[in-house]
Amino acid sequence: MIRVTIYQNEKKECAGFLAKGHAGFSEAGQDIVCAAASVLMINTVNAIEAFTDEKTSLVSDDMEGLIDFRLVEPPGREAALLLKAMILGLEEMAEDSNYSEYIQVRFEEV
């Protein structure tokens, strides 16, 4: 299962996220749940790095299915929107009865 923790500051702004695990929906290379979640998260990280001036930290490990992405400061408008779009996509997957046993999204205040 992919477990995604969305980190929020005291203002409920997204401060980053931690994703761990593999979906296990299908074998490696054929897993549409893993592919969809990965695209949402990796594209968000890439978009924030390419289109904003945010200071970030990133740790990833493909073998462990790990992405730990943090904003150093509260998000600017563009980063906040990109992160909200990612969260929407991940939550939709987690709430879909076909995929809910393969991905979990939770929120944690940091």
Side-chain angles (χ1 to χ4, degrees):
M1 173 180 278
I2 301 170
R3 289 178 170 81
V4 183
T5 302
I6 307 297
Y7 296 121
Q8 294 181 316
N9 63 22
E10 64 281 348
K11 295 179 181 179
K12 301 293 184 204
E13 298 168 319
C14 183
F17 63 92
L18 172 67
K20 285 200 246 181
H22 295 283
F25 179 80
S26 187
E27 56 188 85
Q30 303 297 313
D31 194 325
I32 62 171
V33 176
C34 190
S38 295
V39 166
L40 283 168
M41 292 183 281
I42 292 167
N43 190 65
T44 299
V45 169
N46 290 342
I48 289 170
E49 289 176 351
F51 302 128
T52 75
D53 294 325
E54 301 287 339
K55 293 182 178 103
T56 64
S57 71
L58 174 66
V59 175
S60 65
D61 184 322
D62 292 343
M63 294 301 293
E64 290 186 35
L66 171 77
I67 300 174
D68 188 356
F69 177 76
R70 311 285 178 110
L71 296 171
V72 175
E73 298 172 356
R77 189 172 181 197
E78 294 89 358
L81 181 59
L82 290 165
L83 288 162
K84 284 180 186 180
M86 178 197 76
I87 293 166
L88 175 66
L90 293 171
E91 285 183 317
E92 291 291 322
M93 289 176 60
E95 293 170 5
D96 186 303
S97 62
N98 294 315
Y99 309 120
S100 60
E101 67 185 274
Y102 304 100
I103 183 166
Q104 175 188 65
V105 178
R106 68 184 194 92
F107 295 83
E108 181 179 305
E109 188 171 319
V110 292

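For the numbers below, each heavy atom of this structure counts, side chains included, while hydrogens, waters and symmetry mates do not.
- No continuous path of hydrophobic side-chain contacts links L90 to M1 [ILVMFWY only; heavy atoms under 4.5 Å].
- For the atom pair CD of E73 and NZ of K55, the computed distance is 5.0 Å after rounding to the nearest 0.5 Å.
- When all heavy atoms of E13 and N9 are compared, the pair lying nearest together is OE1-ND2, 2.7 Å.
- Expressed to the nearest 0.5 Å, how far CD of E91 lies from CZ of F107 amounts to 4.0 Å.
- Heavy-atom minimum distance, L83 versus C14: CD1-SG, 3.9 Å.
- With D68 contributing its side chain and L18 its backbone, the two residues share no donor-acceptor pair below 3.5 Å.
- Applying the 6.0 Å contact sphere to CD of E27 captures no more than 12 heavy atoms from other residues, nucleotides or ligands.
- Atom CD of Q104 and atom CE of M93 lie 13.0 Å apart (nearest 0.5 Å).
- The heavy-atom pair separating A23 from I2 by the smallest distance is N-CG1, 3.5 Å.
- The distance from the CD1 atom of I6 to the CD atom of E108 is 11.0 Å, given to the nearest 0.5 Å.
- Residues F69 and I42 fail the side-chain proximity criterion, which asks for heavy atoms closer than 4.5 Å.
- Residue I67 holds its CD1 atom at 7.5 Å from CG of L58, rounded to the nearest 0.5 Å.
- Taking all atoms of both residues into account, the shortest heavy-atom contact from L82 to T44 is O-CG2, 3.8 Å.
- Heavy-atom contacts from other residues, nucleotides or ligands closer than 6.0 Å to CG of D53 number 12 or fewer.
- In this structure, E54 contributes its side chain and G76 its backbone to a donor-acceptor pair below 3.5 Å.
- The local environment of CG in D62 is sparse, with at most 12 non-hydrogen atoms from other residues, nucleotides or ligands closer than 6.0 Å.
- By the ring pair (Phe, Tyr, Trp, His ring centres under 6.0 Å) test, Y7 pairs with no residue at all, sequence neighbours left out.
- Listed by first then second residue, pairs satisfying ring-ring contact (aromatic ring centres under 6.0 Å, His included) with a partner in residues 21-48 read F25-Y99, F25-Y102, not counting sequence neighbours.
- Side-chain heavy atoms closer than 4.5 Å link hydrophobic residues (I, L, V, M, F, W, Y) into clusters, and following such links, possibly through other members, connects M41 to I32.
- The minimum heavy-atom distance linking A15 with V110 is given by the pair CB-CG2, 4.2 Å.
- Members clustered with F51: none, using a 4.5 Å side-chain heavy-atom cutoff among hydrophobic residues.
- The two atoms that bring A37 and I103 nearest to each other are CB-CD1, 4.0 Å, heavy atoms only.
- Atoms CD1 and CG, on I48 and N43 in that order, are 10.0 Å from each other to the nearest 0.5 Å.
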